[in-house]
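These notes are about the structure you will find just below.
Here the structure is a predicted model, which is why all the values come from computation and not from measurement. Just so you know, ligand 1 is whichever comes first in the structure, and atom 1 is the first atom listed for that ligand.
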Amino acid sequence: MDNNGDEKNINIAESGDEDNGQIVTPWEVSAKDGGKIDYDKLIDKFGCQRLDLSLIQRIERITARPAHVFLRRNVFFAHRDLNDVLDAFERGEKFYLYTGRGPSSEALHLGHLVPFMFTKYLQDAFKVPLVIQLTDDEKCMWKNLSVEESIRLARENAKDIIACGFDVSRTFIFTDFNYVGGIFYQNMIRIAKCVTLNKVFGIFGFTNEDHIGKIFFPTTEAAPAFSNSFPHLFGSQDNIRCLIPCAIDQDPYFRMARDVAPRIGYQKPALIESSFFPALQGEAGKMSGSDPNSAIFVTDSAKDIKNKVYKYAFSGGQDSKEKHQKYGANLEVDISIKYLGFFLEDDAELEHIKTEYGAGRMFTGEVKNRLIEVLTELIDRHQRARAAVTEEMVDAFMAVRPLPHMFD
Ligand code: TRP
């Protein structure tokens, strides 16, 4: 299916009924009856495209490097117009990457790292500039944080983002409270003029009780999708393509951006979208920053990781040794297997574990031990990188400056 035409007009406010209770908005992710999110349905409903094997192989060919594990394992599973971006790239045209984070908490969890790890791979593979938006304004409004606290959290979160290894010569990190203004703000107003109250209620599910800050906010997340919002990077060029790696719950913002783009004379942004990283307790939704036991945080110690995985990682193993040997584990619901799918890079080893565990020859404890090793190494590496990030480095990433080598 090609959807270069008008964006599907989806009314989130009503979509709960259509999908028997599955709700996916930027603020709420919940599956039907506490079950799993049905991603096929989501693709249909949102009108995006499935990221299939031929597209993954195309990315491998163009970048001359193996596909990232998140592509191989279908973590990034949907897209909009990715083929167009690749066509343009092959013709020698430029594009830039745009992603972001709402700084709602001090410590990021594993799920928060997923889009940044993937964006870092895209930046290295395509050698393109990247803008990262920290929506301190958003979290100030939605999480009821003070303006000052949101600003502080944005700067702390920037350090975790920098620790993911971004290249300062190709990366601009900005916070809304600092950067919104100038052409960026002009674009917000251009966008705002195209979106009626009716429409924004429909796309985002706002109600009459929501304050006006929330209703205007989507223009802030849409503006970075248009290249002239960054004059220090792109001058007055307003037609440089934008590719947005994000979790699929952010799709409504960019549906809106794509909808208005042709009307204000800009290119539609392309998207590459991921599924959600499951909570330790099971796959019903996203992890929660406010429930420390639902997630592994980047600040967790080796001991925390071990305890949480042993205690909370939902097991698909049978409840007695005999039954387990007879029936094997249910891999579909097993969280350790899911997490290894994200972070154990060795395909052969993952297959081996799945076969043995699924056949009941391997037990939950062994799988958990391997997961603990993998996560401990990942978190340890992150903590060391984070500790090396200085205030000067944060200032360097956030400086409004040209990036002369951003396409080299
Ligand atoms: N709204 C996002 C969040 O709460 C942050 C964000 C801003 C973002 N711009 C983005 C995420 C672009 C992905 C892509 O996390």
Exercise for review: Evaluate the criterion side-chain hydrogen bond (donor to acceptor under 3.5 Å, both in side chains) for residue pair Asp137 and Thr135; output intermediate values, then yes/no.
Suggested key: CA-CA 5 Å; Asp137 51 350; Thr135 50; 4.9 Å; no
Review point. Ring pair (Phe, Tyr, Trp, His ring centres under 6.0 Å): which pairs involve residues 381-408, sequence neighbours left out?
Key: none
Exercise for review: Have a look at ligand 1 and work out which part of Trp27, if any, has a heavy atom under 4.0 Å from it: side chain, backbone, both or neither.
Suggested key: neither
Revision key, fill the gap. From the list Ile43, Asp40, Asp52, side chain to side chain contact (heavy atoms under 4.5 Å, CB included) with Phe77 holds only for Ile43
Review point. Should you measure from each heavy atom of Arg101, which atoms of ligand 1 turn up under 4.0 Å away?
Key: 5 (C), 6 (C), 15 (O)
Check your understanding: Side chains of Asp334 and Tyr339: is there a donor and an acceptor less than 3.5 Å apart?
Key -> no
Review point. Which residue, Arg241, Arg258, Lys268, forms the salt bridge (charged side-chain N to carboxylate O under 4.0 Å, His left out) with Asp81?
Key: Arg258
Review point. Just distances here: any N/O of Lys139 and N/O of ligand 1 closer than 3.5 Å?
Key: yes
Exercise for review: Give the residue and atom name of whichever protein heavy atom lies nearest to atom 3 (C) of ligand 1, and the separation in Å to one decimal.
Suggested key: Gly102 N, 3.4 Å
**Study point:** Polar atom proximity, Thr99 to ligand 1 (N or O, under 3.5 Å)
**Key:** no
Review point. Of the backbone atoms (N, CA, C, O) and the side-chain heavy atoms from C-beta on, which set of Thr135 has a member under 4.0 Å from an atom of ligand 1: side chain, backbone, both, or neither?
Key: side chain
Check your understanding: For atom 11 (C) of ligand 1, what's the nearest protein heavy atom and its distance?
Key -> Gly100 O, 3.3 Å
Exercise for review: Output yes when the distance from some N or O of ligand 1 to some N or O of Glu221 is under 3.5 Å, and no in every other case.
Suggested key: yes
Exercise for review: Using a strict cut-off of 4.0 Å, indicate which atoms of ligand 1 neighbour a heavy atom of Ile244.
Suggested key: 14 (C)
Practice item. Compute the ring centroids of Tyr121 and Phe70, then answer whether they are less than 6.0 Å apart. Key: no
Point to revise | N/O donor-acceptor pair under 3.5 Å between Thr99 side chain and Pro245 backbone | key: yes
Review point. How far is atom 13 (C) of ligand 1 from its nearest protein heavy atom, and which residue and atom name does that atom have?
Key: Cys246 CB, 3.5 Å
Practice item. Provide, to 0.1 Å, the distance between atom 2 (C) of ligand 1 and the closest protein heavy atom, together with that atom's residue and name. Key: Gln250 OE1, 3.3 Å
Review point. Do any nitrogen or oxygen atoms of Glu138 come within less than 3.5 Å of a nitrogen or oxygen of ligand 1?
Key: yes
Review point. Does the pair Arg65/Glu60 count as a salt bridge with the N-to-O cut at 4.0 Å?
Key: no
